[in-house]
Chemist: 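Starting off with a structure, shown below.
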Amino acid sequence: MKTIKWGLALSGIILIFIAANTKNTSKFTANFSMGNPEIASMDKLTFGPEGILFIGDTKNAAIYAINTLDFQKKAEAEEVNIKAFDQKIASTLGATTDQIQINDMAVNPISKSIYFSVNVTDGTPVLLKLNGQELEHISLQEVSYDKIALEDAIAVNAEDKRGRPLRVWAISDLKYHNGKVLVSGLSNKEFGSTFRSITFPFDDKQDYASLEIWHAAHGQYETHAPIKTFDIIELDKTDYLMASYTCTPLVLFPLNELKAGVHAKGRTVAELGAGNSPLDMISYEKEGKKYFLMSNSNRPVMRIKYDEIASFKESLTEPVEEFAATEGVVYDNLPFPYVLQMDNLDDKNVIYLQRTSDGDLVLRSRTTKWM
Amino acid sequence: MDVTAGQNNYKKIKLFLIFFYVLLFLSCTQQDVVKSVSLQYSGDKAISVSFETGNTQDLKIFVRGEAKTSVLGEIKSLGHKHSFTPIVPFGAGQSYEIRKGEKNLALFKVKNQSKLDPPQLINIFPSKDTVPENLLKLYLIFSSPMQEVGNALDFIRVYNETEQREDELFLKLEKDLWNNDHTRLTLWLDPGRIKTGLIPNKLKGLPLKQGNSYTLTVSDKWKSARGIALPKNYTKRIVAGKRDDNMPNILTWELSSPRANTKDALRINFGESMDAVLARESLRILFQGEFSVGGNYRLDEQEEVILFTPVNTWKKGTYDIISESKIEDLSGNNMNHLFDTNTADLKNSFLSETHYKRSFIVQ
């Protein structure tokens, strides 16, 4: 009898152990390990499959994949309308609004939860999740994670063995698309850029794409302009990188050409004018048609129809005067100025952080029907 | 039934109930009392607050005056003693309230850090006043890490003295370009305006206009990572000079002749001011083509000169100066290409060398 009891107990323990180890493990998280990833800065956030959150850390020059275990499916998100959102975050952190900075916002496409990366004056990074009207701290003390260091493409190629510190690339944008983590970076020294595509699950393989954009005025391609923000859009069943540059407008690159050793040539599709720089990009579908939204530092949110981009096929290799005359792809200005962050909340709603004319920072959801 | 006994029992129950209610009242009152509030510091950071109270149900910490949102953190209890640890340390000089529901039970204030040394702006590169009109960037060097919130351009003003107006020279980025410890900020003059022919350049011209002078002011409102403001406004004069359309060329640099068996500094005169950060990290010296020579680099003469002092004495023989091609002059021209390529150079393809070499002999 005693043996049976022990046998049952042991079987129970084994079953619990198996359940615990299989429940949250998939091909994506098989290489993950438990612990504190020791993230130094959370500059960019983006979600991948199964509630995996990617965090771009400029200080550690690394991308982290965190298993948030936040994968309870929700079809529709709740409506969001929170005023004085920076005040709310500041109070949550025991601080004042001038002592915090919201670095990025990302929506978990499965749970529709909204995550924020925030830091305080001394740079301490904090990950928060909106739960109803309140913020919740996502502790990274003991999480399941993986990481990949962002190697310096130039140093690797240059056979630099002097042990000097690698270049610092400020991570300017981060996206996950079809098994790849895509990262763009700005140099804090020379006028240079990096764009890389990293296979996920991480296998230490990083492709450094060399992107060429057409410098219309000079009549030749150049490779040194840095990307500020980007998105992936699908046109005619082909995925494209839609990149906005610090010194030139929106440029499209076929995603399958972004490989090591290949100089991908982009085509400019829109000009944004002087004194403006894009902040964030998202795409959405409405009544069977796809749209692309872009928020800007000095302009309202711009809306571009995918159809317009698809039909704008010519390569803009003409002198800039002619380009200016065509004005590139047609876009609509939506009545939302000073939108700092955007993301798709669900299939029918967009979430955005906006600085209103009276200086308030609001977090709002809005149906795409009215966008 | 004994009536007297019944009355006695009634009295006993009454007395017991009064006693019970008094106890309950006292107990409730004690629940709403917070005593022995004290802050725990780690270095100069207030990492937790401890206090005594009956229980912590519905007890929350608020920034003083905040009506709705409480501070996120964790309460650990041992009997009547409790400790609250916020997810980031309490702010220096900030007051907080311990509340239960609407009731304010205690107030505590974190000590100020005013005794700490204020940060200093120790350098602005380029250090010279007269710069090419196509200047690409500036570096601000601080003595201690600066705040990691807000936008640097909120603390920087540029006044065009010639045209008597404020100018916006710099590219506004969502996230500023700092080094890792937040002591060096890189500011780009809007590259879209520097590259001739681009629409921003056509509409607004170069950020700096040749012949104009400017005053750059860095505000004393700018704080360090520890929350201490700069002690004063800092200013720098900038005069826009001639355009620089030449790539740095290692073969035109003037070299001194250090003597064998000495630690004479090797003096490299670039013939123009260089990007201070890139100049310091782009050079190395080799002996006999393979042995790396250790030493220190120091910029001089407004970044036109760099002095290399070897750790060990020079030996007789051939040395090489190896410069990475990424080294830039003030206009962002490197050894492979101009920042803003001239239409005259259209037929020339970009060079792609990673390094350039210049030999010298020590005798």
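All chains are named by letter (A, B, ...) in the order of the sequence lines, taking the proteins before the strands, and each is independently numbered beginning at 1. Since the structure is predicted, the reported quantities are computational estimates derived from the model, not experimental observations.
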Chemist: Counting only heavy atoms closer than 4.5 Å, note whether A:Leu128 contacts chain B via side chain, backbone, both or neither.
Modeler: side chain
Chemist: Given heavy-atom pairs under 4.5 angstrom as the criterion, report whether the side chain, backbone, both or neither of B:Tyr139 touches chain A.
Modeler: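 The answer is the side chain of B:Tyr139.
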Chemist: Would you call A:Arg355 and A:Asp86 a salt bridge, using N to O less than 4.0 angstrom?
Modeler: yes
Chemist: Checking A:Gln341 against chain B: side chain, backbone, both or neither under 4.5 Å from a heavy atom?
Modeler: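 For A:Gln341, the contact with chain B is made by the side chain alone.
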Chemist: According to the interplanar angle, ranging from 0 to 90°, do the rings of B:Phe142 and B:Trp222 count as parallel (below 30°), tilted (30 to 60°) or perpendicular (above 60°)?
Modeler: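 Taking B:Trp222 first and then B:Phe142, their aromatic rings stand perpendicular (interplane angle over 60°).
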Chemist: Can you say whether the rings of B:His182 and B:Trp178 are parallel (under 30°), tilted (30 to 60°) or perpendicular (over 60°)?
Modeler: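 The rings of B:His182 and B:Trp178 lie parallel, inter-plane angle below 30°.
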Chemist: Let me know if B:Lys172 has heavy atoms under 4.5 Å from chain A in its side chain, its backbone, both or neither.
Modeler: backbone
Chemist: Sort out for me which of B:Arg184, B:Glu168, B:Arg226 touches chain A most, counting heavy-atom pairs under 4.5 Å.
Modeler: B:Arg184
Chemist: A side-chain contact here means heavy atoms from C-beta on lying under 4.5 Å apart; do B:Ile322 and B:Leu283 qualify?
Modeler: no
Chemist: Answer yes or no: is there an ion pair linking B:Glu281 with B:Lys326, defined by an N-O contact shorter than 4.0 Å?
Modeler: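 Yes, B:Glu281 and B:Lys326 are salt-bridged.
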Chemist: Could you tell me whether B:Asp275 and B:Lys137 have a side-chain N and a carboxylate O separated by less than 4.0 Å?
Modeler: yes
Chemist: Would you call A:Lys88 and A:Glu134 a salt bridge, taking side-chain N to carboxylate O under 4.0 Å as the test?
Modeler: yes
Chemist: Please identify, among A:Thr229, A:Val120, A:Leu340, the residue contributing the most non-hydrogen atom pairs under 4.5 Å to chain B.
Modeler: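 Going by pairs under 4.5 Å, I would pick A:Val120.
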Chemist: Select, from A:Asp280, A:Thr121, A:Leu279, the one with the greatest count of heavy-atom pairs under 4.5 Å involving chain B.
Modeler: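 Greatest number of close heavy-atom pairs with chain B: A:Thr121.
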Chemist: With a 4.5 angstrom heavy-atom cut-off, could you sort out which part of A:Gln133 is near chain B: side chain, backbone, both or neither?
Modeler: neither
Chemist: What part of B:Tyr96 lies closer than 4.5 angstrom to a heavy atom of chain A: side chain, backbone, both or neither?
Modeler: side chain
Chemist: Side chain, backbone, both or neither: which part of B:Val63 has an atom under 4.5 Å from a heavy atom of chain A?
Modeler: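 Contact with chain A involves the side chain of B:Val63 alone.
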Chemist: Quick check for you: among A:Val126, A:Thr124, A:Leu93, which has the greatest number of heavy-atom pairs under 4.5 Å with chain B?
Modeler: A:Leu93
Chemist: Among B:Val88, B:Leu72, B:Ile194, B:Val277, which residue has the highest count of heavy-atom pairs closer than 4.5 Å to chain A?
Modeler: B:Leu72
Chemist: Salt bridge or not between B:Lys45 and A:Asp122? Use side-chain N to carboxylate O under 4.0 Å.
Modeler: yes
